[in-house]
Protein chains: 2
Amino acid sequence: MLSKKTKYGLKALTYLAAQKDREPVQIAEIARHENISQKFLESILLTLRKNGFLGSKKGKGGGYYLIKDPSEIRMTSVMRVLEGPIAMVPCVSLNFYEPCEDCPDEAACSVHKLMLMVRDSALAVYRNHTLADFV
Amino acid sequence: MLSKKTKYGLKALTYLAAQKDREPVQIAEIARHENISQKFLESILLTLRKNGFLGSKKGKGGGYYLIKDPSEIRMTSVMRVLEGPIAMVPCVSLNFYEPCEDCPDEAACSVHKLMLMVRDSALAVYRNHTLADFV
DNA sequence: TATTAATCTATTAAAACGATAGGAATATTA
DNA sequence: TAATATTCCTATCGTTTTAATAGATTAATA
């Protein structure tokens with residue numbers, strides 16, 4: 001299952017990408033518009049900022065804004081930051097690889113073989129789409 | 001993340017599919033061979049039996065055995081039984097569809113659009129592979 | 001200085017996960 | 001028929017993750 005964190009984060013990014021300009025938008029406005037718990041959204045936007053997707057401004061007239069062009073924001077990076085590894089098992093993960101300690105032979109493991117194909121197919125989707133495709 | 005239930009279940013199915021004949025194999029043997037907690041594996045094999053993948057026999061010489069040819073067992077059905085919906089959000093699920101109550105317009109929702117593509121790509125992999133591909 | 005809005009830290013409630021325990025039911029063998 | 005082997009069933013438990021909430025702090029603006 002996709003976590004609500006990812007779901008909300010993606011919706012927020014899309015909302016920001018749909019703005020005419022890159023002026024700050026308040027958390028409250030995004031939360032209201034997208035039916036998201038404001039406090040929860042706060043923490044999500046924070047991690048998006050810390051990972052280089054968003055800029056922020058405090059005080060009156062403050063808020064969050066996209067720091068890059070939507071067409072520069074690949075779904076791969078969005079998913080990795082919000083949801084974590086794209087692979088469903090660590091032994092087929094590109095960015096978070098870990099061997100299974102219970103599995104003597106990766107190449108012979110059915111789980112490994114299947115999940116490798118699934119990872120590749122998901123990766124193809126994420127790589128081929130940016131935020132711009134969803135505004 | 002793939003659940004251990006699915007991981008173990010798929011390994012067990014593969015182990016059974018690799019048998020020369022379709023004689024019953026004991027839980028203990030599968031557990032030992034695949035490094036799986038026997039008690040946990042018990043419950044997994046039970047659900048696989050209840051869902052028409054396996055047959056079982058009690059008492060001495062008993063165990064579990066495949067009830068169909070490995071080439072007849074699609075990964076779609078294995079995944080749905082063990083892991084649940086293939087879609088990452090209910091609003092793009094074929095077999096477990098549910099609308100999001102927070103989302104006024106599915107067709108306009110970025111999460112919906114992205115996850116629809118991801119589901120299709122995963123589905124393509126699962127549909128095109130059977131247990132026979134992993135023995 | 002007052003107000004606004006992001007930032008940070010901590011806590012909590014509920015759900016899911018992975019595993020374990022113990023006995024009941026059933027089939028085989030002697 | 002008795003003993004043994006094995007699946008079957010139910011219940012429980014501890015841990016982790018998830019989603020959300022609360023409250024105090026910091027920074028920018030007017």
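Just so it is clear, the structure is predicted and the values come from calculations on it, not from any experiment. In what follows, every heavy atom counts, from backbone to side chain, and hydrogens, waters and symmetry copies are set aside. In what follows, chains carry the letters A, B, and so on, assigned in the order in which the sequence lines appear, proteins first and then strands, with residues in each chain numbered from 1.
Spacing between atom CD1 of B/Ile44 and atom C1' of C/dC17 amounts to 11 Å, rounded to whole angstrom units. Distance, A/Leu45 CG to C/dC8 C1': 15 Å, rounded to whole Å.
Here A/Tyr8 reaches the OP1 or OP2 of D/dA20: one of its side-chain N or O atoms lies under 4.0 Å away. Residue A/Lys50 places at least one side-chain N or O closer than 4.0 Å to OP1 or OP2 of C/dC8.
Nucleic acid contact for A/Lys7: none, since no nucleic acid atom lies under 4.0 Å from a heavy atom of the residue. Note on B/Ser43: nothing from the nucleic acid sits closer than 4.0 angstrom, heavy atoms only.
Using a 4.0 Å cut-off on heavy atoms, the residues of residues 25-39 of chain A that approach DNA chain D are A/Ser37, A/Lys39, listed by number.
Taking the six-membered ring where tryptophan is involved, the planes of B/Phe134 and B/His129 are tilted, since the angle between them lies from 30° to 60°. Using the six-membered ring where Trp is involved, B/Phe40 and B/Tyr8 have ring planes that are perpendicular, over 60° apart on the 30 and 60° scheme.
Side-chain contact between A/Met75 and A/Thr130: absent, with no pair of heavy atoms (C-beta onward) separated by less than 4.5 Å. Looking at heavy atoms from C-beta onward, A/Pro90 lies in side-chain contact with B/Met1 at the 4.5 angstrom threshold. Inter-residue side-chain proximity for B/Thr6 and A/Val111 is flagged as unmet; no heavy-atom pair is nearer than 4.5 Å.
Between B/Arg22 and B/Asp69 there is no salt bridge, since none of the side-chain N atoms of the basic residue sits less than 4.0 Å from a carboxylate O of the acidic one.
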Test side chain to side chain donor-acceptor pair (under 3.5 Å) applied to B/Ser3 and B/Glu83, step by step: CA-CA 7 Å; B/Ser3 67; B/Glu83 189 75 6; 2.9 Å; yes
Where do B/Tyr65 and B/Gln19 land on the side chain to side chain donor-acceptor pair (under 3.5 Å) test, with the steps shown first? CA-CA 9 Å; B/Tyr65 49 91; B/Gln19 300 296 308; over 6 Å; no
Base contacts versus sugar-phosphate-only contacts with protein, heavy atoms under 4.0 Å: please encode nucleotides 25-30 of chain D as B, S and - from 5' to 3'. -BSBS-
